[in-house]
Structure formats: structure tokens, C-alpha cells
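The sequence lines fix the lettering, A, B, ..., with proteins before strands; numbering per chain opens at 1.
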There are 2 protein chains.
Amino acid sequence: MDDEHGRWEAAERLALVLTEGGLQRMAARTLAMFLFTDLQSVTAGEIGERLAASAGAVSGAIKSLLAVGLIERLPAPGSRREHYRLREDAWATLFTSQNTAIQAMLDAAAAGIEVTRTGDPAHERLSRMRDFYEFLLAELPGLLHRWHQHQQSGQSAGQEERR
Amino acid sequence: MDDEHGRWEAAERLALVLTEGGLQRMAARTLAMFLFTDLQSVTAGEIGERLAASAGAVSGAIKSLLAVGLIERLPAPGSRREHYRLREDAWATLFTSQNTAIQAMLDAAAAGIEVTRTGDPAHERLSRMRDFYEFLLAELPGLLHRWHQHQQSGQSAGQEERR
DNA sequence: ATAGAGCTTCAGAAATTTCTGAACTATGTT
DNA sequence: AACATAGTTCAGAAATTTCTGAAGCTCTAT
């Protein structure tokens, strides 16, 4: 533990996983940095320095992470530099963002059902697809609810610090 | 309904959604074609014709769809052309394929926990991340089980007929 | 007010992904 | 056995994504 080299290597590895998952490259690296830093909050400059990226690239990454709600801007301590940090519910948010993908699939299926005739193979197939995504969408709220309960009931990794 | 133009437009639209979700472009278009065709099975040639794509591109797309288990090769009727069709459980498979992504996140978190010291902010953050993905992974089997039950009990979520 | 640090935007460069076309392999037909 | 059709592979072309660097804007402190 406490292996500085291993830490950033692990961070970059996580960034790759996030990229596969659909995040843009620099956004993924930035998110990983937020996770692996020991600072309570970081500035754009610090991110750029650690990732060896231009200010422009960092700016874009922060913008997109803010947009999807994974990080938040801290009420400025009073200074020139903006401070950001990972949001408390970042993981649930990241997971939930797939709801929109599921809804999009549902819509696509519905559109297909509209333009095909009842009984046609395509119509049947699309109906099954719609059923699945409808089911999935209906299950998600309960799943997140169980997560919050699970969290409340003080499981492992419990001791939070505040700031 | 039964609008040939609208049908393929809807198919291409679904392909875009699938692409956002991480599928390669041609694989996504091919999968959409499998969904929207009225044929019970299709050949590589038919796909290439409909999508106006080269045989090489189609070959690659089929290969990758087979690899993730979304389509299957039909026991050749006896001929030269290979026939393929969408697998019955394609949607559950597509959904489940995210399990590997979740496992990858879990592994990345674990790696980070290894190289940080207990009590460090990063260590705490990574622990919370691990907790979430552990929870998620544990929930998935139950969710798929409920889907299969839901399916059995024949409620096709609406006014569709069965076949 | 002015200076200057930090941030954003954007055009063009660089890197990556994706597709085509042609050569090659395999298989069924005559 | 020879031919022809279906499918696969792969190098290079095309398209797309992503990043840099520079210009411009904003806001704090002097």
C-alpha cells in the first residue's frame, strides 16, 4: 500500500475501463484522477499537471463530467481557482445514466412496432425487445432503493470523513 | 404500419443507439437488421446488400456479434450460404455483457485499495466504489431471474399478441 | 483602472477507428 | 478434378474522434 507509482498506474487502468464503458478518453482519465487523489478537492491546473494534458482538454473533460453529474464545483473558498470533487453519489449516477440508454432502446423498439404489421416476424421480435427493456426500466428504481438501504445499514468501508 | 421506408429508417436509428451503447458501427447496423427483417434467418450477402456494405465489413460484424452471443449460426440447411438469426435471449445477453464491465470496475477499485493506505481519502473513496459495484454484481442474477419468471408468466406488457 | 492568473473556445493537427477492395481459403457442383 | 461461389483476412484509404496551442474572456487583487 501507499505505492505512488502503482497508484497512478491503477488510475490509468481504471480510466481505460471507463473509456470502454463509453466515457470520452480525457473525461475518463480525469474521473480516475478524482478517485485516486488524496486531495479533498482539485483544480483544473492540478488535473492538467498530473495527466500531462492541455488546459483545453481538461476544460472539456470537466465540463462533461459536470454535465453528467459525476463531479461538482465546490463553493469557491474565495479564490481564483475553481475547485472540484467527486460527487458523493457518483457511482449511482453513473449507473443511472444508463436509464437514458434503456429508454432510447425502448423508444427504438416502439418505433419499429409502429411501422410493422402485427404478426410479421419483425413485429414479434421488436415486441419481445420492448418487453425486456420495459421490464428493466421498471426494475431500476427498486435496485437503487436497495442500494441506498444497503448503504444506510452501515456496511463496510463505513467511516466517512467530512470537510 | 407496414411502412418499408419507415422500417429501415427506424432500424438505422436503433443502430445509432446501439453504437452509443458501445457496439461497433457495422455490428450495430447488422444487429438492427436482424431485428427488423421479416426473414427468419439471413445470409451475409443479404446483410451486405441491405446495408450497402462490403463483404469484409459484414464478415467482421457477424464475427463480433457471434462472439458476444447476440446471433447464432443456423444448422446449415445443407447449402453453401451460412444462415444467421438473432438469438432468443439476445437482450438478456446484451445486458449481461455489462457484468464484465462491472467486474472490471470492481477489479480496478480493488487494485487502488491495494496501493493506498487505510484512512487516506483515496482509500476511502475507492472502498465506497468497490461497495457499490459489489452490490450491483450481487443484484444482477436476481434481476435476470425475475425477468425469466416475468417472461414465463406470459404478460407481454401490453396489448400485443403471442405467436 | 490595470495587470495577470485561470478558464474557455476553437481551428487545425494528430491519433484512432472503421471501411473497402483485392487476394486468398474453403466448399459444393458439374 | 476443375470451376465457381461464399466467406475471410488484411493493407491501405477514408472518416471520425480527440488533443493541442493560441486567442480571448472573466474575475481578483493591487
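Gly60(B) comes within 4.0 angstrom of nothing in the nucleic acid, heavy atoms only.
In terms of heavy atoms, Leu137(A) sits closest to Leu106(A) at CD2-CD2, 3.7 Å.
Screening residues 14-38 of chain B for side chain to side chain donor-acceptor pair (under 3.5 Å) gives Arg7(B)-Asp38(B), Glu12(B)-Arg29(B) as the qualifying pairs, with residues at least two apart or on separate chains.
A straight line from NE2 of His83(B) to C1' of dT5(D) spans 14 Å, rounded to a whole angstrom. Taking atom CD of Glu49(A) as the reference point, atom C1' of dC7(C) lies 17 Å away to the nearest angstrom. The separation between Arg81(B) atom CZ and dA6(D) atom P is 5 Å, rounded to whole Å. The distance from atom CD1 of Ile47(A) to atom P of dG6(C) is 14 Å, rounded to the nearest whole Å.
In this structure, Leu136(B) CG and Gln103(B) CD are separated by 11.5 Å, a value rounded to the nearest 0.5 Å. Between Arg87(B) atom CZ and Arg73(B) atom CZ the span is 13.5 Å, to the nearest 0.5 Å.
Using a 4.0 Å cut-off between charged side-chain N and carboxylate O, Arg50(B) and Glu46(B) make no salt bridge.
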Protein proximity profile, nucleotides 10-25 of chain D - base contact B, sugar-phosphate-only contact S, no contact -, cut-off 4.0 Å on heavy atoms: --------SSBB----

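At the phosphate of dC7(C), neither OP1 nor OP2 sits under 4.0 Å from any side-chain N or O atom of Lys63(A).
Note: the hydrophobic cluster containing Phe135(B) also contains Tyr133(B) (ILVMFWY, side chain heavy atoms under 4.5 Å, direct or indirect links).
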